[in-house]
There are 2 protein chains.
Amino acid sequence: METVDTLPQEGTLLSTGNSDVPAQALSRIQAHAPSACRTVTEVLARVGDKWSMQIVMSLADGPVRFNALRRAVDGISQRMLTRTLRALERDGLVSRMVTPSIPPRVDYALTPLGESLRRPVGLLGDWAVTHRETIASARERFDREQRGEAA
Amino acid sequence: METVDTLPQEGTLLSTGNSDVPAQALSRIQAHAPSACRTVTEVLARVGDKWSMQIVMSLADGPVRFNALRRAVDGISQRMLTRTLRALERDGLVSRMVTPSIPPRVDYALTPLGESLRRPVGLLGDWAVTHRETIASARERFDREQRGEAA
DNA sequence: CGGCATCCGAATGGATACTG
DNA sequence: CAGTATCCATTCGGATGCCG
C-alpha cells in the first residue's frame with residue numbers, strides 16, 4: 001500500500017457562508033460571530049499541534065534541508081516531521097524544493113503565506129512569554145487548593 | 001472514585017531559564033531561541049484545543065452560566081465544557097463564581113489575564129479570516145496534484 | 001538523504017447514565 | 001442546574017524497519 005499517511009485534515013477550515021463580510025468588519029464583530037470563533041479554532045487546531053509552529057519558526061531564516069530541520073526541531077520524529085511538513089505544504093505555508101541529485105536534496109522554505117503567519121504567532125508567543133509566570137502561579141494555586149479541599 | 005477527569009496539563013509551560021531576558025527582547029530573538037519557540041508551542045497546545053478559544057470568545061461580554069455557555073458554544077459536550085473550563089480556570093484565564101442557591105448557579109467569566117488573551121488570538125483569527133481562501137485553494141491544488149500523479 | 005509502511009501506546013473527545 | 005463516572009471510537013505521535 002501507499003497510503004502516504006497524511007494528517008487527516010479535511011477542508012473544514014471555514015465553510016460557513018459569510019464570504020461577503022469584509023475581514024476588518026469581522027475582526028470587530030468576531031466576539032459575537034460563532035463562525036468567526038470557529039475559524040480561530042480551526043486555525044489554532046491546524047497550527048497548534050505539537051510541531052507546526054516550531055517548524056515554521058525554524059524556517060524563518062530561509063530554506064532548510066530535511067535532516068537539518070530534523071536536528072533543528074530537536075525532539076521530532078522523522079514520521080512527524082514528514083507528516084507536518086506535508087500538512088503545511090498542503091495549506092500553502094511551506095514550499096518543497098527537490099533537487100534530484102545523488103544523494104537527493106530536499107529544501108523546505110516558508111511561502112509568503114507562511115511568512116505572514118509569523119507575526120500573529122509571534123504576538124501570541126509574546127503573550128505567552130509575558131504571562132508565563134502569572135500562569136505558572138495560577139496553576140500552583142489551583143493545584144494547592146484542590147489538594148487542600150481534598151483532605 | 002472521584003478522579004475529577006482533568007485535562008492532563010502538567011506545569012510544562014516554559015521552565016527554560018531565561019527569566020532574566022525582557023519580553024520585548026525575546027520577541028525579536030525568538031526566531032532563533034528554541035526555548036521561546038517551545039513557549040509558543042506550549043501556549044498553542046494549551047489554547048489550540050478544540051474548545052478553549054470558543055469558550056474564551058463566548059465569555060467576552062461578561063459572565064455566563066454553565067448551560068448558557070453550553071448553548072453558546074454549540075457542538076460541545078457537557079464533559080468537554082467542564083474539562084475545558086477547569087483547565088482555563090487552572091491557568092487563571094477564567095474565574096468560576098458559585099451562587100449556592102437551589103437550583104445552583106455557576107457563572108464563568110474571563111479574568112484580566114483571559115481578557116489579555118483575546119487580542120493576540122483575535123489577530124490570529126484575523127489572519128485566518130484574511131487568508132482562508134488562499135489556504136482553501138492551496139489545499140485544492142495540492143490534493144488535485146496528488147491525485148493527478150497517482151494516476 | 002529523504003522518505004514510506006507498520007505496529008502500538010497514549011491522548012482526545014463524544015455519548016450516556018447517574019447525582020446533589 | 002451543574003456537574004461526575006464510565007465506556008468507547010478516533011486521532012496523535014513515537015519506534016522501528018525497508019526503499020529509491
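Below, chain A is the first sequence line, B the second, and so on; all start at residue 1.
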Minimum heavy-atom separation for [X] and [Y], please, with both atom names.
{"X": "B:Pro120", "Y": "A:Leu124", "value": "CB-CD1, 3.6 Å"}
{"X": "A:Pro100", "Y": "A:Val98", "value": "CD-O, 3.5 Å"}
{"X": "A:Thr111", "Y": "A:Val94", "value": "CG2-C, 3.7 Å"}

Expected list for residues 64-78 of chain B: side-chain donor-acceptor pairs under 3.5 angstrom, two or more places apart:
{"residue": "B:Asp74", "atom": "OD2", "partner": "A:Arg38", "partner atom": "NH2", "Å": "3.4"}
{"residue": "B:Ser77", "atom": "OG", "partner": "B:Met80", "partner atom": "N", "Å": "3.3"}

Figure out the [atom1]/[atom2] separation between [X] and [N], and round it to whole Å.
{"X": "B:Leu81", "N": "C:dA15", "atom1": "CG", "atom2": "P", "result": "14 Å"}
{"X": "B:Asn67", "N": "D:dT4", "atom1": "CG", "atom2": "P", "result": "13 Å"}
{"X": "A:Arg46", "N": "D:dT11", "atom1": "CZ", "atom2": "C1'", "result": "15 Å"}
{"X": "B:Arg83", "N": "D:dT4", "atom1": "CZ", "atom2": "C1'", "result": "12 Å"}
{"X": "B:Asp74", "N": "C:dG14", "atom1": "CG", "atom2": "C1'", "result": "14 Å"}
{"X": "B:Arg86", "N": "C:dT12", "atom1": "CZ", "atom2": "P", "result": "17 Å"}
{"X": "A:Arg96", "N": "C:dG2", "atom1": "CZ", "atom2": "C1'", "result": "8 Å"}

Please collect all salt bridge (Lys or Arg N to Asp or Glu O under 4.0 Å) contacts where either partner lies in residues 93-112 of chain A, sequence neighbours excluded, each pair once.
-> A:Arg105-A:Asp107
Take B:Glu42 and B:Arg46 through the salt bridge (Lys or Arg N to Asp or Glu O under 4.0 Å) test and state the conclusion after the steps.
-> CA-CA 6 Å; B:Glu42 304 273 4; B:Arg46 172 60 198 75; over 6 Å; no
Residues from residues 97-106 of chain B lying under 4.0 Å of DNA chain C - heavy atoms = B:Pro104
Measuring from [X]:[atom1] to [Y]:[atom2], what's the distance to the nearest 0.5 Å?
{"X": "B:Trp127", "Y": "A:Ser116", "atom1": "CH2", "atom2": "OG", "result": "5.5 Å"}
{"X": "B:Tyr108", "Y": "B:Glu89", "atom1": "OH", "atom2": "CD", "result": "6.5 Å"}
{"X": "A:Leu88", "Y": "A:Leu113", "atom1": "CG", "atom2": "CG", "result": "10.5 Å"}

For the side chain of A:Asp49, starting at C-beta, report the closest nucleotide among C:dG2, D:dG13, C:dC4.
-> D:dG13
Mind listing the N/O atom pairs, protein and nucleotides 8-10 of chain C, below 3.5 Å?
none

B/S/- contact track for nucleotides 14-19 of chain D, protein heavy atom under 4.0 Å = BB-B--
Determine, step by step, whether A:Ile55 and A:Leu81 satisfy the side-chain contact (heavy atoms from CB on, under 4.5 Å) criterion, reporting the C-alpha distance in whole Å, the side-chain angles of both residues, the deciding distance to 0.1 Å, and the verdict.
-> CA-CA 8 Å; A:Ile55 292 177; A:Leu81 182 54; 3.7 Å; yes
Closer than 4.0 Å, any side-chain N/O of A:Tyr108 to the OP1 or OP2 of C:dC1?
-> no
Phosphate OP1/OP2 of C:dC1 contacted by A:Arg65 side-chain N/O (<4.0 Å) = no
Pairing residues for A:Glu115 by the salt bridge (Lys or Arg N to Asp or Glu O under 4.0 Å) criterion, not counting sequence neighbours | A:Arg118
